[in-house]
Amino acid sequence: MVKIMKESVIKQVLALQSKSTAELKELWRSIFDTDAPPHSKTYLIPRLAYRLQELAYGPMAEKSAKQLDNLADQMEKGKKFTNHYMASKPLAGTKLIREFQGDLHEVLVSENGFIYQGQSYKSLSAIARKITGTRWNGPAFFGLRSNKEA
């Protein structure tokens with residue numbers, strides 16, 4: 001198994017695009033300890049990127065893996081779905097940017113809510129109301145949900 005240094009994972013993942021198919025298949029053999037499948041770069045790159053990150057940071061939490069498996073099963077069956085949990089709040093650290101009446105408004109998603117102009121808010125709707133002066137569905141205002149869902 002190849003030892004992966006956390007500091008270099010991003011560089012390694014970005015470098016995958018510039019590698020030849022033969023180089024990708026050699027990397028596959030070294031990190032999966034099996035021969036690479038007979039597929040194109042388009043197939044190999046995301047799987048290698050995931051594996052490099054998994055080796056550096058550890059495997060995905062079991063609960064998350066099960067949720068992804070369930071979503072993949074639904075997609076394979078042709079079912080349309082909305083993951084309300086994922087759509088309800090972006091990950092902490094995400095920056096939401098919205099232009100309104102010629103001004104750009106930036107909101108930072110935090111663990112406990114949202115930060116706008118240095119102040120903490122519990123909801124995007126409160127921030128949308130502050131920006132517009134009227135009641136808005138915050139996720140719709142910031143483009144996280146279509147207006148017809150709001």
Side-chain angles (χ1 to χ4, degrees), residues 1-100 102-128 130-131 137-146 149:
M1 229 17 130
V2 173
K3 284 194 170 190
I4 308 297
M5 298 291 293
K6 289 183 181 181
E7 304 85 42
S8 67
V9 172
I10 293 172
K11 288 180 184 177
Q12 290 179 47
V13 169
L14 292 174
L16 293 174
Q17 289 291 338
S18 62
K19 293 188 181 295
S20 69
T21 304
E23 290 172 315
L24 293 172
K25 288 184 177 190
E26 182 58 36
L27 178 60
W28 184 288
R29 277 187 286 281
S30 69
I31 64 176
F32 285 104
D33 217 14
T34 64
D35 285 340
H39 296 294
S40 67
K41 285 177 70 166
T42 307
Y43 177 88
L44 297 172
I45 288 173
R47 287 154 182 85
L48 287 167
Y50 179 87
R51 183 67 176 144
L52 288 169
Q53 293 173 79
E54 183 180 46
L55 290 171
Y57 303 114
M60 183 182 297
E62 190 175 326
K63 182 178 177 184
S64 297
K66 283 182 181 179
Q67 187 176 24
L68 284 175
D69 284 341
N70 289 337
L71 292 172
D73 288 344
Q74 289 178 34
M75 288 179 67
E76 285 177 1
K77 294 174 185 172
K79 293 182 180 177
K80 291 185 180 181
F81 61 87
T82 301
N83 185 342
H84 295 287
Y85 173 75
M86 293 297 284
S88 64
K89 183 179 175 193
L91 295 174
T94 301
K95 188 182 286 187
L96 305 173
I97 302 172
R98 168 71 199 269
E99 183 180 354
F100 182 75
D103 294 324
L104 278 182
H105 300 274
E106 293 185 12
V107 173
L108 181 65
V109 180
S110 69
E111 291 292 329
N112 301 322
F114 305 92
I115 300 170
Y116 173 67
Q117 294 182 335
Q119 291 187 328
S120 293
Y121 293 84
K122 292 197 183 291
S123 74
L124 284 174
S125 296
I127 298 169
K130 181 172 177 69
I131 292 169
N137 176 290
F141 181 79
F142 285 96
L144 300 177
R145 191 179 297 157
S146 70
E149 287 180 53

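We number each residue from 1, following the sequence as shown. Please read all numbers here as calculations on a predicted model, not as lab measurements.
- Not a single side chain to side chain donor-acceptor pair (under 3.5 Å) links R98 to another residue, sequence neighbours left out.
- Under the rule for a side-chain contact (heavy atoms from CB on, under 4.5 Å), P46 has no partner lying at least two apart in sequence or in another chain.
- The distance from the CH2 atom of W28 to the OG1 atom of T34 is 6.5 Å, given to the nearest 0.5 Å.
- The salt bridge (Lys or Arg N to Asp or Glu O under 4.0 Å) search around K95 returns E106, not counting sequence neighbours.
- Summarising the geometry, atom CG belonging to L108 is positioned 13.5 Å from atom OH belonging to Y116; distances are rounded to the nearest 0.5 Å.
- With sequence neighbours excluded, the residues that form a side chain to side chain donor-acceptor pair (under 3.5 Å) with S20 are E23.
- Heavy-atom minimum distance, V9 versus A56: CG2-CB, 3.1 Å.
- Q119 pairs by the side chain to side chain donor-acceptor pair (under 3.5 Å) definition with Y121, not counting sequence neighbours.
- To the nearest 0.5 Å, atom OG1 of residue T94 and atom CZ of residue F114 are 9.5 Å apart.
- K130 approaches Q117 most closely through the heavy-atom pair CE-OE1, 4.0 Å.
- Considering CG of L27 and CG of L52, their distance stands at 5.5 Å, rounded to 0.5 Å.
- The side chain to side chain donor-acceptor pair (under 3.5 Å) check on E26 picks up R29, with sequence neighbours excluded.
- When all heavy atoms are compared, the tightest approach of A128 to G138 is CB-CA, 4.3 Å.
- Here the closest non-hydrogen pair linking Y43 and P37 is CE2-CG, 3.7 Å.
- Atoms CD and CD, from Q12 and Q53 in turn, are 10.5 Å apart once rounded to the nearest 0.5 Å.
- Looking at residues two or more places apart in sequence or on another chain, you find a salt bridge (Lys or Arg N to Asp or Glu O under 4.0 Å) between K66 and E62.
- Rounding to the nearest 0.5 angstrom, the gap separating the CG atom in L96 from the NE2 atom in H105 is 13.0 Å.
- Partners of I45 by side-chain contact (heavy atoms from CB on, under 4.5 Å), not counting sequence neighbours, listed by chain and number: L16, Q17, L24, K41.
- For Y50, there are no ring pair (Phe, Tyr, Trp, His ring centres under 6.0 Å) partners, not counting sequence neighbours.
- Here the shortest heavy-atom pairing between S125 and P139 reads OG-CD, 4.3 Å.
- Proximity of a side-chain donor or acceptor of S123 to a complementary backbone N or O of A126 within less than 3.5 Å is detected.
- Take R47 and apply the salt bridge (Lys or Arg N to Asp or Glu O under 4.0 Å) test, not counting sequence neighbours, and it matches no residue.
- For the side-chain contact (heavy atoms from CB on, under 4.5 Å) test, residues two or more places apart in sequence or in another chain that qualify with T42 are S40.
- The backbone N or O of K63 lies less than 3.5 Å from no partner atom in the side chain of Q67, so there is not a single donor-acceptor pair.
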